[in-house]
Every structure is written in C-alpha cells, then in structure tokens.
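In this text the structure is predicted, and so the values were computed from the model without any measurement. Within every chain, numbering begins at 1; the chains are lettered A, B, ... in the order of the sequence lines, protein sequences first and strands thereafter.
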Protein chains: 2
Amino acid sequence: MSSTRPTINDVAARAGVSKSLVSLAIRGSDRVSDESREAILRAADELGYRPNAAARSLADRRSRTIGVLLHDLHNPVFAQVLDGVQEIVRSHGYRTMLVTGHGDSQRERAELAALLDFQVEGLILISHRLDPALARQAARECPVVIVMRHDITGRGISTVCADDVRAGREAVEQLVSLGHSRIAHVSGGENRVAADREQGYREAMAEAGLSEHVLVEAGDFTEAGGRVAAARLLERDPGITGLVVANDLSALGAVVAAQEADRSVPSDLSIVGFDGMSLAALGSLTLTTMAQPLEEMGREAAERVFRRIDSPGARITHDQVVSSWLPRGTTAPAPG
Amino acid sequence: MSSTRPTINDVAARAGVSKSLVSLAIRGSDRVSDESREAILRAADELGYRPNAAARSLADRRSRTIGVLLHDLHNPVFAQVLDGVQEIVRSHGYRTMLVTGHGDSQRERAELAALLDFQVEGLILISHRLDPALARQAARECPVVIVMRHDITGRGISTVCADDVRAGREAVEQLVSLGHSRIAHVSGGENRVAADREQGYREAMAEAGLSEHVLVEAGDFTEAGGRVAAARLLERDPGITGLVVANDLSALGAVVAAQEADRSVPSDLSIVGFDGMSLAALGSLTLTTMAQPLEEMGREAAERVFRRIDSPGARITHDQVVSSWLPRGTTAPAPG
DNA sequence: CCAGCGCGTTGGAACGTTCCAACGCCCGAC
DNA sequence: GTCGGGCGTTGGAACGTTCCAACGCGCTGG
C-alpha cells in the first residue's frame, strides 16, 4: 500500500514524455508513435499506475456511469431486470452504480441524491413503489427511465412497462378456460402496478359474467402478506377454486396458506402469480404465472437511456412489453 | 435540464460571498455566521446546486466509498450479507459501490479495476468463487475483507467466515441423532467452502462409525446442479435416508429430485442445506439448514474495513462466526 | 491608547485528468 | 532552396472542489 498513488505525471517522467502523451496513450489513441506508446505502457505497468476516475470524470464532465435505483435486492425479480440493464450498459463501455430504496421515500431521496452527485448520465428506476415527485425532480438533471410504473410520467421521463391490466385479465381468462368460476384475488397494496392487475381481474370477471364471485383481499407484494390475505380469502369463501395473486412472491405465500387450509394445489385450488421470477420455478411446486420479459425490460430501459444520452433531443418514449401465460405446477382444471 | 450545472462559484456569486465560505457552509461548518449560512443555503437551493462528487473526492483524496464485489445478485444469500454491509457503511457516512463477478475471473478483474479506479477506500469481497490472485493484488491498494473464503489470505486481507468444516459435521451429527445412518452428500464443486463442508461430512461420518455409508456426488451450488446430483445419489443407493447438501440453493434442487424419485420429504428422506437463506423458508416445504448469520457477517466485514481505514496500522483479522442448526420442514426421524 | 486575539472571511494553490492551440521536425512539391 | 503540410509531441488552461495561510475587524486587557 504505497502512501501515495502514481499519477499520470509519474508515468510521464519515467517514460520521458509529457503527461499529455501519456493521457493519449493510456486511452489508446492512434496518434502516438509505437515507440512512445510502448515506453509509456511499460512505465505505467512498472509503477502500477491506475487512472483516477474522479479526476477523469471531472475533466471530462462525463462520468460514464448509469445510476440504477432498485426497490430491493431480495426479490429476485429486480435482479433479473438488472441483468438486462447491465448487459447493455457494459456493452456501451459504461458502468452502473446501484442503490436500493426499499420503497422508503426518505431513503430513495438520499440515494438518488448520491447518484446525482456522482453526475450519473442517466437514471433507471426499477420499483413498484416509487415517489413520483422524486422521479420528476431527478428528470430535470438527467434522462430518467422508469421500469414497471407506467403511471409516473413527466418531462424527461421514459417508461418501460408491461400492460398490467391486460395481464390481470389474461390470468383470469386462463383460469376461466380451465373451468374455474369462483376466482378470488390477492392484491398488492397501494401502488399502480397492483391496482392495474386488480382492475384487469375485475374487468375479466365482469366480462365472463362472474361479477358475483369477485372477491378481493389486500396483500402487499410480500410472501407474508400473500399468505395472510390468501388465508383470509379461503376462510371467507371456502368455495374458491382459483386464486389470482398480485405477484409471484405473494403467490408463494398463498401456496403455503392453501396447504395450511388443507387445500391441495393444484387439484383443489389453482394459483396464479405475476412476474415470472426464476426462483419461483424452483422447489416442489413450480408456480404458474403471468410472466414479464424481465431481462428484456432491463435491456430496453438501458437502450432508451443511451438513446437519450447520445442525442439529447430524442423524444421520450413509453414502451410496453407483453406478459405471457406460463402454466406450471399450480394450475389445473377446476375440480368436479 | 440546464445545459450546465451550477457550481460552488455560482452559489458564491449569488450569495455575495467567496467560494470558500460556500464550501464551509455546505459542509455544515460552525465557523460560518448564521447570516452568511442562511444566504448561502438559500442561494444554493434557488440554483439547484448539487456538489460534484468527482471534484470533491479529487480535492479530498478520499472517495468515502466502499467497494463490494458480489458473486451475483440472484442467490439471495449474497443480498442478505450485503444488507449487513450497507447498514454499517451508511452509518459511517460512506457509500457502497456494488459490482458482480459471477465467479468469472475475467469479469472480476475488470470490475475490481473499476472499483479501484474510483479510489474506493476499502473492498469487501463476497463470493465462494473468487480468484485469490486478484484479491491479493487489490489488497496492495486498499484494505480488503473477504467474506466466506477463509482460505484466501495474504498481506492486507482480513476474513470473516463460518467454520464450514464444523458446520458440515454438525449437519451429519444432527441427522445421526435423528436416527439416520445412510447419509449421503451433494458437494458444491471446486471451491474451499464446498470442500470444507464435505470434509466435515466425512469426518462426522467416520466418527459416527458410518464410514461405509459415505457417498458423495458433486454439485455446483446451483439448484440445477443439486437436483442432478441428488437424483444420481438416489439412484446409486436407494437406501439413503439423509442428504446433506452443500448449500440451500442446491438443497432446493435436491427436494425436487426427491419428489421426482417418489421419495417423500421428510418422511422418507431428510434433507439439510447450508446458509440459511431467507427465501428457503418460503414455499410449501421449508428447508432445514445449517444457518450462517449472514447479515452479521456483512456487518462484521464492514466494521473491519472501517477499523483499518481509521487506523491504517491496524492488524488484519480473521473472524469466525458460528453456524447454527435450524430445523424446519425437510428433516424428520429416520424411517422404520 | 495600543497590542494581541479570535472570529468570520478570503484568494490562491492543489488534486489528476482531458482538451486545445501551438510547437518543431521531416518530407515532398514547386 | 524554400515553402507548406502532416505528424508526433508539448505546456498550459480548465474541470469543481477542499485546504491553507493570511486578511480585517472589533473586542479585551494592560
């Protein structure tokens, strides 16, 4: 641990050239003679030179960094979206700087501020809970792309989202086509994603002439919440044969609740989630779900950011991806 | 999106003071008069001033950032460790910069280089796969703490690990005390963590006089790997009643394999994992495991980094945390 | 009444890099 | 033989911040 790191000047001195030439050589310019280049790279290597990213981004006035705000890292759904983001970001020679807000607006504010202090050139926000005011404020400083929340719009905000209403409808339609009619819903709390899925549920129930069976209990997108809400539904109406649950994580909770209520899945009770998180494919019962193309959403979001970085005048966009029915182990024809 | 951001000079001009005073006021120094402070903060607010982190860390020669290299974000185990890390890092007024290496040494190298370019003041490496040479090289530039891999040592490298040999032994001992004797092992591939757990398994089997029943099949710490390896074990010796699986993720795979082989868990077959990842407590069968105090390991690692940042002469340390038996739904007394 | 002190404030230097205008040199063209 | 052009190279300015030595002022104590 040398007390002080070698700088570009140390390299220049050792190689017997000017710092400007070192700068060029390090960045791989072709206007450096082979002889100089070799001497410089050798000197840099011998000294263990490492360019100072802070100085670089100061002089450059670009950080080559994209900031990503994630809801949290425990729900693997976000990790999947992030994979897509990072693939594109890396391919552009940029870095990502990752923070988590846990849906806490206080913390989101602090983390976003830190990202902006770092002069990130673009921002990708991936969370179903997200303070719209913060997003709008950030959008005044750099391009912002929001994943999952199509309802947050404003100057400088692009979105990449699924059609959650439609997905909600399809979940119901698929159960109906399996012969189910008493289909209840575990919702996902106070956010637009959950509201849309619930609306889809209600619309499809009405269209199928099943309005009388509409039954909703509020969850909160967590496993524990799904478990409690599902248990309550099964108590309120033991005749339920189908359960549409607002996301995969709470659907896993609903599976537990079903077993605790001595309902066997899927023969007695079919359960459908949303998201298509890969870990839900794992375990003894693999979850049927309305899957979103998570990695693709991440890639798309990153592409949108770069398009706006590259041409600052570019129009903001609102992309919609399609969810798809992924039948696995928790759905079956209605009993009887 | 103003074409150019306000700087400290703009704030100074607007508030009618010098940039030095603005700098002091922004950082909350008490040697600024109330009057000046108020004028400065108001001007900063009106202009939407935001300190430039790059300039700051350049002038300061400290980044107030801790770099964290994670294996990947999909295994929730790493997210749990990270939670502990971030708690401590935030409490010190620092930030974390997060990258993932996916056990690919090429990528690890690039990501570590990026972190060091950023002048991170400390580095926490959390991965069971990790190139020791890279860790040692990084340790020449800043304090390094490795979580999970006690075998990687060297100048400037501290470690925070569980005693995996001991955990491996205890997993076997617990099964033995439940009456099991035909206990097989799914290992975790070519890394020290897996090797230690396997060694513990072998030692405990020998001590219990069960050497003749030692049976090992290699997995790779993934769900798919665990599933395949477990299936092979059950085919090689259908008499197996206990399975010690190298980590929770592959243990979940083993549960699937058991069901595919028509063995019911836990009545026919007991399965034990390692790690104590929270998502394994979820779903229909909750996994019995040798749990590590994951968040605590993260906190401990971060504490160690800061101790060495604060007093550069501090000795490097090698901490050991204790794993504990967490009986849940996949273990039961031996059949018959 | 003056020296000395403390306090709030200031300008300039430094941090390590990139960019830019300008340099000297060699070569080919007239 | 001179001139112009290209090429490799150079020093200085800039980026936005923090640190430091030093400033002027009013106050206090002798």
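- Contacts of A135(B) classified as side-chain contact (heavy atoms from CB on, under 4.5 Å), with partners at least two apart in sequence or in another chain: L125(B), I146(B), I152(B), I157(B).
- Applying a 4.0 Å cut-off to non-hydrogen atoms, the residues of residues 13-36 of chain B that approach DNA chain D are K19(B), S20(B), S23(B), R27(B), listed by residue number.
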Could you go through residues 81-93 of chain B and list every donor-acceptor pair under 3.5 Å that involves a side-chain atom there, pairing it with any protein atom two or more places apart or in another chain?
residue : atom : partner : partner atom : Å
D83(B)  : OD2  : H74(A)  : NE2          : 2.9
Q86(B)  : NE2  : T96(B)  : OG1          : 3.1
S91(B)  : OG   : I88(B)  : O            : 2.8

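- For DNA chain D, the contact window with chain B, defined by any atom under 4.0 Å from a protein heavy atom, covers dG16(D) to dC19(D) in 5' to 3' order.
- In this structure S18(A) satisfies the side chain to side chain donor-acceptor pair (under 3.5 Å) test with no other residue, sequence neighbours excluded.
- Residues from residues 109-123 of chain A with heavy atoms under 4.0 angstrom of DNA chain D: there are none.
- Contacts of A301(B) classified as side-chain contact (heavy atoms from CB on, under 4.5 Å), with partners at least two apart in sequence or in another chain: I124(B), V145(B), V147(B), V160(B).
- For S158(B), the side chain to side chain donor-acceptor pair (under 3.5 Å) test picks out R308(B), with sequence neighbours left out.
- For the side chain to side chain donor-acceptor pair (under 3.5 Å) test, residues two or more places apart in sequence or in another chain that qualify with R304(B) are E300(B), T317(B), D319(B).
- Under the side-chain contact (heavy atoms from CB on, under 4.5 Å) criterion, A44(A) pairs with V11(A), I26(A), Y49(A), not counting sequence neighbours.
- DNA chain D is contacted by L58(A), A59(A), R61(A) of residues 49-61 of chain A, taking any non-hydrogen atom closer than 4.0 Å.
- Here H71(B) pairs with F78(B), H128(B) under the ring pair (Phe, Tyr, Trp, His ring centres under 6.0 Å) rule; sequence neighbours left out.
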